[in-house]
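For reference, the structure is listed below as structure tokens.
Convention: sequence-line order gives letters A, B, ...; per-chain numbering from 1.
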There are 2 protein chains.
Amino acid sequence: MTKRQPIKAGITLDQVIEAAFAVLDRGGLEKLSTRAIAADLGVSMNTVMWHIRTKARLMDLLAEAIFAEMDLDDLPSGWDARVVELHQRLRGAMLGHRDGARVVAGTFVTGPRTLGFSEHVVTALLEGCPTRRTAIWTSWSLFYFTLGLVQEEQASAGADLPERVPEEFPVLNSVVDEFHAAEFDARFRFGLEQILRSAEVLEAP
Amino acid sequence: MTKRQPIKAGITLDQVIEAAFAVLDRGGLEKLSTRAIAADLGVSMNTVMWHIRTKARLMDLLAEAIFAEMDLDDLPSGWDARVVELHQRLRGAMLGHRDGARVVAGTFVTGPRTLGFSEHVVTALLEGCPTRRTAIWTSWSLFYFTLGLVQEEQASAGADLPERVPEEFPVLNSVVDEFHAAEFDARFRFGLEQILRSAEVLEAP
DNA sequence: ACCTGAACACCGTTCAAGT
DNA sequence: ACCTGAACACCGTTCAAGT
């Protein structure tokens, strides 16, 4: 007797997450609802609910799935190049989905892929930082910076930037062109560099 | 003939914002609704709606109000001490309201008080950074870092941190005590220091 | 274990109406 | 200019019920 397939095909959690990304990429975070996911899958809303248990858990699952889309192989051998590469891949993974950075920022994920990323980052930082504490704290600085930049990057897509700064703020006015130049790529690399330069020398208390 | 007061007292936008903060501080961001604010003020929900026009604009107003609670006087004269002090006050202002960092992070505010803060920060950075571009980009790095740290700080209050890291992640396990030690104050100062050290020497492309 | 329908207690937004 | 009530099109969650 061979094992039988279940008669009713049934929906799997992975399919739910896949459909959730489809809805997300189509309409952004505010259009992401269990009903919309259900409609995409052709099932009842409560079927989605049964798989995700709660909306908050769905968000955690999506964040973890974004980390899972990162490749953690073929990394540079130098510790600082490795840290930079890891965060560039994280940025890429978040940019891969509409509002991806907001999804990751909204949750405190401790799934295996998220931890795997941290494991790689901290490993590299321990090679270059004077103390363990410096390494840990630096990993947070890098993470916050990446999250913040990509959130701004994704928010600026399709947002109406203010074209003018009031004249009461002369200094901001004098640099307004630098402010508007998006150049997220260069800004990102510069920020990583900035934090890493100090990480080598600065000792956390 | 002296000017008469309007017969119906009426609610003002400032009162709406005040009530919004009351609701926010009591129940957090997910309890913040126009109906809850209206209930606090004893008016109809549509009265609140008329003043705020839209929920998104209310969020902008709240973010701007948080910046308005910052004092921008009596700052240190040294550029780097000034930058640190400004961000410490920003952190304090955000910590002053439940989910304050999430409120600020969720909006791209260009109100006068927000711009005033940036004006001060950029002014100070221009004194210490090699190029204008370095100054601007550094201001963003500092802002992202502050936002990220305070968001984590406020999320960790009342959240259930994972007590154990799976053994597949030996490096994370070896530093898990550093991870759990909150010490947001020290971490915050260290992060600012870290970014500012490089700002003096690193030149943006 | 998986899926459904119905009901519940909420949302923000819009509109027609009052003063 | 300011305030209201009613209706609309949504939410996430819960519960009792099916297979």
Next item on the list: Describe, in one word, how the ring planes of A/F108 and A/W140 are oriented to each other, choosing from parallel (under 30°), tilted (30 to 60°) and perpendicular (over 60°).
Entry: parallel
Note to self: Could you work out, with side chain to side chain contact (heavy atoms under 4.5 Å, CB included) as the rule, every residue matching B/A68, not counting sequence neighbours?
What the structure shows: B/R113
Checklist line | With sequence neighbours excluded, residues passing salt bridge (charged side-chain N to carboxylate O under 4.0 Å, His left out) with B/R35 | finding: none
Next item on the list: Can you sort out which residues in residues 48-60 of chain B have a heavy atom within less than 4.0 Å of DNA chain C? Ascending by number, please.
Entry: B/M49, B/T54, B/K55
Margin query: Please compare B/M45 and B/T12 by the position of their nearest nucleotide in DNA chain D and report the one closer to 5'.
Written below: B/T12
Next item on the list: Enumerate the residues from residues 15-41 of chain A whose closest heavy atom to DNA chain D is under 4.0 Å, giving them by residue number; use none for an empty result.
Entry: A/L32, A/S33, A/T34, A/R35
Checklist line | Results of side chain to side chain contact (heavy atoms under 4.5 Å, CB included) for A/A135 - residues two or more places apart only | finding: A/L125, A/L126, A/C129
Note to self: Under the rule for side chain to side chain contact (heavy atoms under 4.5 Å, CB included), what residues qualify as partners of B/A124, not counting sequence neighbours?
What the structure shows: B/W79, B/R82, B/V83
For residues 165-175 of chain A, dump all side-chain donor-acceptor pairs below 3.5 Å to protein atoms at least two apart in sequence or in another chain.
residue, atom, partner, partner atom, Å
A/N173, ND2, A/V165, O, 3.0
A/N173, ND2, A/P166, O, 3.0
A/S174, OG, A/V171, O, 2.7

Next item on the list: For A/V84, enumerate each residue passing the side chain to side chain contact (heavy atoms under 4.5 Å, CB included) test, keeping only those at least two apart in sequence or located in another chain.
Entry: A/Q88, A/L192, A/L196
Next item on the list: Could you note down all residue pairs passing side-chain hydrogen bond (donor to acceptor under 3.5 Å, both in side chains) where residues 90-105 of chain B supplies at least one of them, sequence neighbours left out?
Entry: B/D25-B/H97, B/E69-B/H97, B/R91-B/E153, B/R91-B/D185
Next item on the list: Under the ring pair (Phe, Tyr, Trp, His ring centres under 6.0 Å) rule, collect the residues that match up with B/F143, sequence neighbours excluded.
Entry: none
Next item on the list: List for me each residue that meets ring pair (Phe, Tyr, Trp, His ring centres under 6.0 Å) alongside B/H51, sequence neighbours excluded, and say none if there are none.
Entry: none
Next item on the list: Give DNA chain C the dot-bracket treatment, 5' to 3': Watson-Crick (N1-N3 with N6-O4 or O6-N4) or G-U (N1-O2, O6-N3) under 3.5 Å, [ ] crossing, | other strand.
Entry: |..|||||...|||||..|
Notebook entry, point to check: What integer number of Å spans the P atoms of C/dA17 and D/dC2?
Noted result: 22 Å
